[in-house]
Amino acid sequence: IDFRMQPNAVRVIRELRRAGSPKKAKLLARFFRTGKGEYGEGDVFAGVMVPESRKIAKRNQNISFSEIQKLLSSPIHEARLIALLILVWKFEHGNASIRAHIYHFYLSHSTRVNNWDLVDLSAHKIVGEHLVNRSREPLYRLAKSKNLWEKRIAIISTFAFLRRGEWRDSIRISEKLLDDPHDLIHKAVGWVLREVGKQCSESALERFLKAHGHHMPRTALRYAIERFPEKKRRRYLTK
């Protein structure tokens with residue numbers, strides 16, 4: 001523990017240390033691919049699972065933004081996760097001014113939202129929700145980023161729109177990310193496309209697949225057609 005940190009951040013780290021398990025830390029390090037050259041290279045785990053991280057976040061949900069910033073700067077994965085869970089809670093309970101501040105704070109620290117679980121538990125709940133009644137242009141800028149996690153933030157954020165029956169940004173951003181080389185983007189795109197068909201418009205998904213199914217990454221395609229009947233799935237997979 002870095003005792004130069006302010007008390008609230010120190011308390012969170014202490015709680016993580018107490019709740020952590022070396023055995024779980026090793027499992028999580030493997031699961032989140034922290035080896036040399038892997039997407040999570042260098043990430044450090046305390047060995048705390050998400051339900052327990054949520055409890056720690058709830059106990060510390062009133063800490064200041066400066067304390068949250070320190071947690072986001074931590075090398076410990078679960079400390080960053082807790083910081084993001086607290087931000088989500090503050091966003092959901094905040095007024096318009098607080099929400100705008102959290103949105104900008106989140107994007108200014110986007111390089112610390114640096115694993116797929118961190119993105120998936122926070123992006124649509126902060127970035128997506130903030131942009132529901134605003135221009136979606138920030139997502140298109142993120143989709144052009146060289147940073148893997150910012151690109152994932154771009155597509156995952158559109159879940160906030162899908163909940164409201166709005167699918168066009170999900171489709172357009174998916175198109176922009178189709179040629180991305182990373183499997184984690186393929187999975188995210190496929191997941192979002194599947195939800196376009198499930199929550200909003202199966203015909204929109206079918207049109208997308210008709211236009212792109214023959215050349216889109218197989219991982220993305222498999223995720224996108226997951227809910228189709230088996231015969232229909234096979235037809236897409238053998239094209």
Side-chain angles (χ1 to χ4, degrees), residues 27-28 30-35 37-40 49-51 81 88 113-129 131-132 136-239:
L27 288 172
L28 289 168
R30 282 200 298 272
F31 183 71
F32 285 101
R33 307 286 179 84
T34 61
E38 294 182 311
Y39 64 74
M49 308 308 279
V50 172
L81 172 60
V88 168
V113 189
N114 55 354
N115 217 313
W116 58 263
D117 63 318
L118 304 182
V119 173
D120 296 359
L121 287 168
S122 62
H124 61 298
K125 294 181 178 182
I126 294 176
V127 179
E129 286 295 329
L131 297 177
V132 163
R136 314 295 166 69
E137 184 56 34
L139 298 186
Y140 292 86
R141 289 198 297 271
L142 288 169
K144 293 177 186 175
S145 173
K146 290 183 168 60
N147 182 288
L148 166 64
W149 308 116
E150 290 188 335
K151 287 184 283 189
R152 191 165 172 115
I153 287 169
I155 188 65
I156 295 297
S157 291
T158 69
F159 273 119
F161 315 147
L162 293 179
R163 285 182 54 238
R164 294 164 170 85
E166 301 174 28
W167 50 265
R168 286 176 178 78
D169 291 294
S170 296
I171 291 288
R172 289 171 187 150
I173 293 172
S174 292
E175 286 174 335
K176 292 184 180 300
L177 293 174
L178 270 187
D179 294 326
D180 192 89
H182 207 290
D183 186 60
L184 284 175
I185 298 299
H186 303 168
K187 288 177 179 176
V189 166
W191 180 22
V192 166
L193 288 172
R194 184 189 71 198
E195 295 305 304
V196 168
K198 177 185 173 184
Q199 297 188 41
C200 302
S201 171
E202 194 163 310
S203 62
L205 173 57
E206 296 259 21
R207 287 194 299 275
F208 183 97
L209 294 172
K210 187 175 180 181
H212 304 290
H214 60 289
H215 67 84
M216 66 191 286
R218 296 292 278 185
T219 300
L221 178 61
R222 285 181 182 278
Y223 272 63
I225 64 175
E226 204 169 52
R227 293 179 58 82
F228 286 0
E230 188 178 347
K231 188 175 179 181
K232 195 174 187 180
R233 283 204 312 273
R234 281 204 307 270
R235 193 163 70 243
Y236 276 106
L237 289 170
T238 54
K239 279 184 179 179

Visitor: Within a radius of less than 6.0 Å around NZ of Lys210, do more than 12 heavy atoms belonging to other residues, nucleotides or ligands occur?
Guide: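 No.
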
Visitor: Do Leu118 and Trp149 have side chains that approach each other closer than 4.5 Å (heavy atoms only, starting at C-beta)?
Guide: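 Side-chain contact under 4.5 Å: no.
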
Visitor: Below 4.5 Å, heavy atoms only, C-beta onward: do Trp167 and Gln199 meet side chain to side chain?
Guide: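 When only atoms from C-beta onward are counted, Gln199 and Trp167 do not touch, as no gap falls below 4.5 Å.
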
Visitor: Between the main-chain N or O of Ser203 and the side-chain N or O of Glu206, is there a donor-acceptor pair closer than 3.5 Å?
Guide: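 No; zero donor-acceptor contacts below 3.5 Å.
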
Visitor: So, for Leu205 and Gly197, which heavy atoms are closest and what is the spacing to 0.1 Å?
Guide: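 In terms of heavy atoms, the two residues are closest at CD2-CA, 3.9 Å.
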
Visitor: Scan side-chain atoms only and decide if His212 and Glu175 contain a donor-acceptor pair under the 3.5 Å cut-off.
Guide: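 Note: His212 and Glu175 side chains meet the donor-acceptor criterion.
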
Visitor: Ser157 and Ala123: which non-hydrogen atoms are nearest, and at how many Å?
Guide: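 Taking Ser157 first and Ala123 second, the nearest heavy atoms are OG-O, 3.5 Å.
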
Visitor: If you measure from CD on Glu38 to CZ on Arg30, what distance do you get to the nearest 0.5 Å?
Guide: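 Going from CD on Glu38 over to CZ on Arg30, the span is 11.5 Å.
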
Visitor: Where the side chain of Thr158 meets the backbone of Ile155, is there a donor-acceptor pair that is under 3.5 Å apart?
Guide: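 Looks like yes, one N/O pair under 3.5 Å.
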
Visitor: Between Arg164 and Glu129 (salt bridge meaning N to carboxylate O under 4.0 Å), is one present in this structure?
Guide: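 Salt bridge between Arg164 and Glu129, a charged N being under 4.0 Å from a carboxylate O: yes.
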
Visitor: Can you find a pair of side-chain heavy atoms, one from Leu209 and one from Leu221, that are under 4.5 Å apart?
Guide: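 When only atoms from C-beta onward are counted, Leu221 and Leu209 do touch, with a gap below 4.5 Å.
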
Visitor: Report the distance from atom OG of Ser174 to atom CH2 of Trp191, rounding to the nearest 0.5 Å.
Guide: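 Between Ser174 OG and Trp191 CH2, I get 12.5 Å after rounding to 0.5 Å.
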
Visitor: Stepwise, does the side chain to side chain contact (heavy atoms under 4.5 Å, CB included) test hold for Lys187 with His182?
Guide: CA-CA 9 Å; Lys187 288 177 179 176; His182 207 290; over 6 Å; no

Visitor: Can a salt bridge be assigned to the pair Arg234 and Glu230 using a cut-off of 4.0 Å between side-chain N and carboxylate O?
Guide: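 So Arg234 pairs with Glu230 through a salt bridge.
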
Visitor: For residues Ile225 and Tyr236, report the shortest heavy-atom separation together with the two atoms involved.
Guide: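 Result for this residue pair: CD1-CB, 4.0 Å.
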
Visitor: Do you know the tightest heavy-atom contact between Leu81 and Leu121?
Guide: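 Shortest heavy-atom contact: CD1-CD1, 3.6 Å.
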
Visitor: Judged by atom type as modelled, is there a donor-acceptor pair below 3.5 Å linking the side chain of His186 to the main-chain atoms of Asp180?
Guide: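 Between the backbone of Asp180 and the side chain of His186 there is a qualifying donor-acceptor contact (under 3.5 Å).
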
Visitor: Is the closest side-chain heavy-atom distance between Phe159 and Asp120 below 4.5 Å?
Guide: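 The answer is no; the side chains never approach within 4.5 Å.
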
Visitor: Is Leu139 close to Asp169 at the side-chain level, that is, under 4.5 Å between some pair of heavy atoms?
Guide: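 They are not in side-chain contact.
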
Visitor: Is there a donor-acceptor contact under 3.5 Å from the side chain of Arg233 to the main chain of Phe228?
Guide: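 Yes, because the side chain of Arg233 sits within donor-acceptor range (under 3.5 Å) of the backbone of Phe228.
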
Visitor: Salt bridge or not for Lys232 and Glu202, using N-O below 4.0 Å?
Guide: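 Salt bridge present between Lys232 and Glu202.
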
Visitor: As an exercise, state the distance from CG of Leu142 to CD of Glu137, rounded to the nearest 0.5 Å.
Guide: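 Result: 10.0 Å between the selected atoms.
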
Visitor: Could you report the tightest heavy-atom contact between Ala204 and Ser201, atom names first, then the distance?
Guide: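 For Ala204 and Ser201, the tightest heavy-atom pair comes out as N-OG, 2.9 Å.
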
Visitor: Just how far is it from atom CG of Leu178 to atom CE of Met216, taken to the nearest 0.5 Å?
Guide: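 That separation rounds to 5.5 Å.
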
Visitor: For atom CZ of Arg33, is the number of surrounding heavy atoms from other residues, nucleotides or ligands below 6.0 Å larger than 12?
Guide: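 Check fails, neighbour count at 12 or below.
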
Visitor: To the nearest 0.5 angstrom, please state how far the OG atom of Ser122 sits from the CD1 atom of Ile156.
Guide: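 It is 10.0 Å, given to the nearest 0.5 Å.
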
Visitor: Between Glu195 and Tyr223, is there a side-chain donor-acceptor contact under 3.5 Å, judged purely by atom types and distance?
Guide: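 There is no such pair between these side chains.
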
Visitor: Heavy-atom distance under 4.5 Å between the side chains of Leu131 and Phe161, does that happen here?
Guide: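 In short, these two side chains touch, coming nearer than 4.5 Å.
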
Visitor: Cut-off 3.5 Å, side chains only: do Thr219 and Asp183 have a donor facing an acceptor?
Guide: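 Their side chains do contain a donor-acceptor pair, which is all the 3.5 Å distance test asks for.
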
Visitor: Nearest 0.5 Å, what's the NZ-NZ distance between Lys146 and Lys144?
Guide: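 Answer rounded to 0.5 Å: 11.5 Å.
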
Visitor: Report yes if the side chains of Ile171 and Arg207 come closer than 4.5 Å at any heavy-atom pair, otherwise no.
Guide: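 Answer no - side chains too far apart.
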
Visitor: Quickly, which of Glu150, Lys151, Arg152 forms a side chain to side chain donor-acceptor pair (under 3.5 Å) with Ser145? Name it, please.
Guide: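 Filter result, single survivor: Glu150.
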
Visitor: Looking only at heavy atoms, which two atoms of Ala154 and Ala143 are closest? And how far apart?
Guide: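 Scanning both residues, the minimum pair turns out to be CB-N, 3.7 Å.
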
Visitor: Are the side chains of Asn115 and Tyr39 in contact, using a 4.5 Å heavy-atom criterion?
Guide: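 They are in contact (side-chain heavy atoms under 4.5 Å apart), so the answer is yes.
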
